Amino acid sequence: MDSSWKVCPICIAPLAGWLVLLKEDGSAEKYYTLHEGKSFIGSAADCEIRILNAGLARQHAYLSIFDGECSMVDLGNSSPVKVNNAECVKAMLIDGDILEMGEKQFKIKLL
């Protein structure tokens, strides 16, 4: 991952950042590419960021990135989303914020 990248090296779409799935020790386990627009997060096949076996609802939350600003919206499922250890229904995110969804922790990395 290089912050000078302007497009995703796999799909060639404009790149906005990454959602990084963290291991228990805080190191990166997996990277999910973020693009401008909405990215739904959940266990359903129609989610842009599909994560199985993590206690997520079919559509758990979504990230919205427009004009360099990133926000998160919790879609009101059984398990609340936490941003930096605080439960949130909606939050503006900045680079390095930690999200907790289901049984997993994620770090947001924005360009």
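Here the structure is a predicted model, which means the values were calculated and not measured.
Y62 and L93 fall into different hydrophobic clusters, where Ile, Leu, Val, Met, Phe, Trp and Tyr side chains are chained together by heavy-atom contacts under 4.5 Å. The cluster map of Ile, Leu, Val, Met, Phe, Trp and Tyr, joined by side-chain heavy atoms under 4.5 Å apart, puts V83 and L110 in the same cluster. A continuous path of ILVMFWY side-chain contacts below 4.5 Å connects Y32 to M101, so both sit in one hydrophobic cluster. Under the 4.5 Å side-chain heavy-atom criterion for grouping Ile, Leu, Val, Met, Phe, Trp and Tyr, L63 is connected to L21 within one hydrophobic cluster.
Atom CE in M72 sits 12.5 Å away from atom NZ in K82 (nearest 0.5 Å). The line from CG of L52 to SG of C47 is 10.0 Å long, rounded to the nearest 0.5 Å. Atom NZ in K107 sits 9.5 Å away from atom OH in Y31 (nearest 0.5 Å). Note that the CD atom of E29 and the CD atom of E24 stand 9.5 Å from one another [nearest 0.5 Å].
Surrounding CG of D67 are at most 12 heavy atoms belonging to other residues, nucleotides or ligands under 6.0 Å away. No more than 12 heavy atoms of other residues, nucleotides or ligands sit less than 6.0 Å from atom CD of E69. No more than 12 heavy atoms of other residues, nucleotides or ligands sit less than 6.0 Å from atom CG of N53.
By the 4.5 Å heavy-atom criterion applied to side chains, K104 and L56 are not counted as neighbours. Considering only heavy atoms from C-beta on, L34 comes within 4.5 Å of I49 through its side chain. Contact check for I51 versus F106: side-chain heavy atoms found under the 4.5 Å cut-off. No side-chain heavy atom of L99 sits less than 4.5 Å from a side-chain heavy atom of I41. Two residues are said to be in side-chain contact when any heavy atoms from C-beta on lie closer than 4.5 Å; T33 and W18 meet this criterion.
What you find for G68 and E36 is that their closest heavy atoms are N-OE2, 4.0 Å. In plain terms, the two heavy atoms of H60 and S79 that are nearest each other are NE2-O, 2.9 Å. Of all the heavy atoms in Q59 and D46, the pair that sits closest is NE2-OD2, 3.6 Å.
The backbone N or O of S43 sits nowhere less than 3.5 Å from a side-chain atom of R58 that would complete a donor-acceptor pair. Checked by atom type and distance alone, the side chain of E48 pairs as donor or acceptor with a backbone atom of F40 at under 3.5 Å. For the pair D97 (side chain) and N84 (backbone), a donor-acceptor distance under 3.5 Å is absent. The closest donor-acceptor contact from the side chain of D74 to the backbone of V81 lies under 3.5 Å.
Salt bridge annotation for D95-K109: present, with a cationic side-chain nitrogen under 4.0 angstrom from a carboxylate oxygen.
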